Amino acid sequence: MSRLRSTLTMVAILSAVCMFVFRLVDIQIVQAPELNATSLDKRSVPLVTYGIRGDIVDEDGTVMATTDVRYDVQMSPKNVRTINRLEPGGVQTVKVTPAQQFAEIGSITGQKADEIEKIVSDALAENPKSDFAYVKRSVDLKTLKALKELGIPWLTFSQNASRIYPNGAVGGNLVGFVGTDNAPLAGVELSQNACLAETNGKETYERGADGVAIPGSTVKVEERVDGGTLQLTINKDLQWQTQQIVQRQKEATGAQWAVATVADTATGQLRAVGESNTVDPNNIKASAAEDLTSKAFLYGYEPGSTYKAITAAALIDTGTATPLTQVLVPGSYVAPNGAKFRDSWSHGDTRYTLTGILVDSSNVGISLLGHGLSDETRYDYLQKFGIGTPTNAGLASESSGILHPYQEWDPQTSYTTMFGQGVSSTIVQTTGAYLTFANGGKRMPLSIIDNCTYPDGTVTPYDAGDPVQVISPESAKTMTSMLEMLPQDSWLTDVIAIPGYRIAGKTGTAQQPDGQGGYMSTYIYSFAGYFPADNPKYVVVFSIAHPATADGARQAVIGFRDVAQATIKAYAVPPSTTPAETLPKHY
């Protein structure tokens, strides 16, 4: 009986041991991954590490847009307590009371100890288990580092970033801006977001039962990646000067708006795109809706007489005419197809050369000669000069202008396109056309973007497209000779002169469509030109829209001259070294 009892006891003990062993194996081996994950999940805290949006800089590296990174200092009120801290040298620890910690924090943040104590007491009064309250918001990096060095476990920190534009409205029409959540909304901020955008990372840390982070427990799950640096072709100082000149000319004429561009002849890179009432990206609410974008790229308008040069270039390039080609020009004309048009001033039959037609800007004269080319030929030249196609200069939104297929031209349009009506373009498209004359007949693609430098050092140049040989180098040289006559022998000779520099260019005075098949009584005045004409370096186009005064044409020429002078100074452009050729206006 005793032996049976002993046997049963041993069996019971062995069974219990087996159960414990089985349970232990189940917990430590079979269920271990799941239990560990559950346990870790209960004490592991995810944390986003924020990347920083890239800078936008001008051609010289001057910052036009950057990210101001600030930090919020937070606390866990329920975990505020006395802590142990190693003395300097790390030999022994000392106790640091909450009151002492409040004083330490305040000495860095500029707060009084009792202010911080009140933050704690107010949070706990509202919720005895409060785990969050702000100590100080938007501190700088230096303050952040000093606070971290205190080693106070109930303090935590989070990053917030804001976009700032150190030069305000300078280039605001091109740089653009972001929204309250740093989402890009306009300008290169939007169009070049692939370069500028940051990628956030992820970290985790473990915290104890008291909610305080366990030292050394931080693990990087995903690395953050900062945005790249976007380099513009714009020169900040020249951009500022151009905007000042544009604004002055707008106000002098009571115009609705004014715009000017400066382009490098050899590269097509835009050095300035000045617009009146330019938006300050730091304060977009201060600007009207129409001023939040770039008029130079978005506003298409009938360019008028500046485009007589395109018709003349087609005549020269096809061998249909020369600068000395003669034509008897009446003051008004009824074409064989029924189209009617006239010159802007009254005159009788005048013996003009093609050069004189350009200088005096005769609609009738350019039409009589231009009629020697087919509609298709003139349409093809307009296309090659970039009309009807966006420039791909680097902004997200850009007008293509209007160039209807020549098959759709009515009898009137067949003629008016020869002198810049019945066709619409932007000021940057006009800039590209005149750059063609200045660059040996080759139209370089315009751009406001130079490159993007990514965080790993990779530099990616901006691809604006391929150059287009529009007219021959000989034709371009001939066009320059004719376009130089306007500054030499017209009403604007004294207005446009820049001592030492030969200038080639053309005026434009264009009525604008009223949308009902007619034209408004207001005009857009322009001057498009380049310098030095004997070795062209820069193209400048200046336009004034719907001025209240009658001297819009004169003010557009003055604006061109002033921007040209600013460009000459900015880039130390050498003066002309040879005299201009003189061509006769009449025969």
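Quantities reported herein were computed from a predicted structural model and do not represent experimental measurements. Worth knowing before you read on, the calculation uses all heavy atoms, side chains too, and leaves out hydrogens, waters and symmetry mates.
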Does any N or O in the side chain of Asp450 come within less than 3.5 Å of the main-chain N or O of Thr233, such that one atom is a donor and the other an acceptor?
-> no
Considering non-hydrogen atoms only, spot the tightest contact between Thr242 and Ala260 and give its length.
-> CG2-CB, 3.8 Å
To the nearest 0.5 angstrom, please state how far the CE atom of Met482 sits from the NZ atom of Lys477.
-> 14.0 Å
Got a donor-acceptor contact below 3.5 angstrom from the Trp409 side chain to the His404 backbone?
-> yes
Backbone N/O of Ser472 and side chain of Asp317: donor-acceptor pair under 3.5 Å | yes
Would you give the length of the straight line joining atom OH of Tyr587 to atom CD of Gln326, rounded to the nearest 0.5 angstrom?
-> 5.5 Å
Any donor-acceptor pair under 3.5 Å linking the side chain of Ser276 with the backbone of Val246?
-> no
Leu358 side chain near Leu486 side chain, heavy-atom distance below 4.5 Å = no
Under 3.5 Å, side-chain donor or acceptor atoms of residues 388-398 against the rest of the protein: list the pairs with distances, not counting sequence neighbours.
| unit_1 | atom_1 | unit_2 | atom_2 | d |
| --- | --- | --- | --- | --- |
| Thr391 | OG1 | Ala393 | N | 3.3 |
| Thr391 | OG1 | Glu398 | OE1 | 3.2 |
| Thr391 | OG1 | Glu398 | OE2 | 2.5 |
| Asn392 | OD1 | Tyr462 | OH | 3.3 |
| Asn392 | ND2 | Ala464 | O | 3.3 |
| Glu398 | OE1 | Asn392 | N | 3.4 |
| Glu398 | OE2 | Thr391 | N | 2.7 |

Check whether any side-chain heavy atom of Ile448 sits under 4.5 Å from a side-chain heavy atom of Val188, and report yes or no.
-> yes
Which pair of non-hydrogen atoms, one from Lys506 and one from Thr306, has the smallest distance, and what is that distance?
-> O-CG2, 3.5 Å
Contacts of Asp562 that satisfy salt bridge (Lys or Arg N to Asp or Glu O under 4.0 Å) - sequence neighbours left out = Arg248
Answer yes or no: is there a side-chain heavy-atom contact under 4.5 Å between Ile234 and Leu174?
-> yes
Run the side-chain contact (heavy atoms from CB on, under 4.5 Å) check on Tyr434 and Leu483 step by step: do they pass?
-> CA-CA 11 Å; Tyr434 275 76; Leu483 291 171; 4.3 Å; yes
Just wondering, are more than 12 heavy atoms of other shown residues or ligands nearer than 6.0 Å to CG in Asp494?
-> no
Contacts of type salt bridge (Lys or Arg N to Asp or Glu O under 4.0 Å), residue Asp264, not counting sequence neighbours = Arg271
Please tell me if the side chains of Thr261 and Val428 come closer than 4.5 Å, counting only heavy atoms from C-beta onward.
-> yes
Main-chain N/O of Leu373 paired with Thr377 side-chain donor or acceptor, under 3.5 Å = no
Smallest heavy-atom separation, Val563 atom then Val262 atom, equals CG1-CG2, 3.4 Å
Are the side chain of Thr353 and the backbone of Pro584 linked by a donor-acceptor contact shorter than 3.5 Å?
-> yes
Between Val63 and Ile56, is any pair of side-chain heavy atoms under 4.5 Å apart?
-> no
Spatial distance of atom CD1 (Ile402) from atom OG (Ser400) [nearest 0.5 Å] | 7.5 Å
Using a 3.5 Å cut-off and no angle test, enumerate the donor-acceptor pairs between side-chain atoms of residues 538-547 and protein atoms at least two apart in sequence or in another chain.
| unit_1 | atom_1 | unit_2 | atom_2 | d |
| --- | --- | --- | --- | --- |
| Ser543 | OG | Tyr301 | OH | 2.7 |
| Ser543 | OG | Ser526 | OG | 2.7 |
| His546 | ND1 | Thr522 | OG1 | 2.9 |

Measuring from Ser362:OG to Asp343:CG, what's the distance to the nearest 0.5 Å?
-> 3.5 Å
For the student: nearest non-hydrogen atoms of Thr493 and Asp489, plus distance | OG1-N, 3.5 Å
Check whether any side-chain heavy atom of Met485 sits under 4.5 Å from a side-chain heavy atom of Thr582, and report yes or no.
-> yes
Tell me, please, which residues at least two apart from Glu302 pass salt bridge (Lys or Arg N to Asp or Glu O under 4.0 Å).
-> none
Hey, are His586 and Tyr352 close enough side-chain-wise for a donor-acceptor pair under 3.5 Å?
-> no
Backbone of Ala339 reached by a side-chain donor or acceptor of Asn337 within 3.5 Å = yes
Determine, step by step, whether Glu484 and Thr480 satisfy the side-chain contact (heavy atoms from CB on, under 4.5 Å) criterion, reporting the C-alpha distance in whole Å, the side-chain angles of both residues, the deciding distance to 0.1 Å, and the verdict.
-> CA-CA 6 Å; Glu484 274 196 272; Thr480 295; 4.2 Å; yes
Looking only at non-hydrogen atoms, find the nearest pair between Ile471 and Gln469 and report the distance.
-> O-NE2, 2.8 Å
Can you list the steps and then say if Tyr307 with Phe419 is a ring pair (Phe, Tyr, Trp, His ring centres under 6.0 Å)?
-> CA-CA 6 Å; Tyr307 276 37; Phe419 48 87; over 10 Å; no
Between the CG atom in Leu315 and the CZ atom in Arg378, the distance rounded to the nearest 0.5 Å is 9.0 Å
For Glu189 and Arg163, what are the C-alpha separation, side-chain angles and deciding distance, and is it a salt bridge (Lys or Arg N to Asp or Glu O under 4.0 Å)?
-> CA-CA 11 Å; Glu189 288 275 30; Arg163 200 67 166 159; 2.9 Å; yes
Are Ser361 and Lys308 close enough, and set up right, to give a side chain to side chain donor-acceptor pair (under 3.5 Å), and what steps lead you there?
-> CA-CA 8 Å; Ser361 202; Lys308 288 184 175 116; 2.9 Å; yes
Rounded to the nearest 0.5 Å, what's the gap from OG1 on Thr355 to NZ on Lys585? Could you check?
-> 10.5 Å
Side chains of Ser294 and Tyr299: is there a donor and an acceptor less than 3.5 Å apart?
-> no
Side-chain touch Asn277/Trp257, heavy atoms, less than 4.5 angstrom = no
Could you tell me whether the side chain of Thr66 reaches within less than 4.5 Å of the side chain of Arg53, counting heavy atoms only?
-> no
If only atom types and distance count, is the side chain of Gln243 paired as donor or acceptor with the main-chain N or O of Gly171 below 3.5 Å?
-> yes
Counting N and O atoms only, with roles assigned by atom type, does the side chain of Asn167 sit under 3.5 Å from a partner on the main chain of Val170, one being a donor and the other an acceptor?
-> no
Taking every non-hydrogen atom, the tightest pair across Leu298 and Ser399 = O-CB, 3.5 Å
Within the 6.0 Å centroid threshold, strictly below: Phe385 and Phe437 | yes
Can you list every side chain to side chain donor-acceptor pair (under 3.5 Å) pair that touches residues 435-446, not counting sequence neighbours?
-> none
Any donor and acceptor pair, going by atom type alone, linking the side chain of Asp280 with main-chain N or O of Gly172 inside 3.5 Å?
-> no
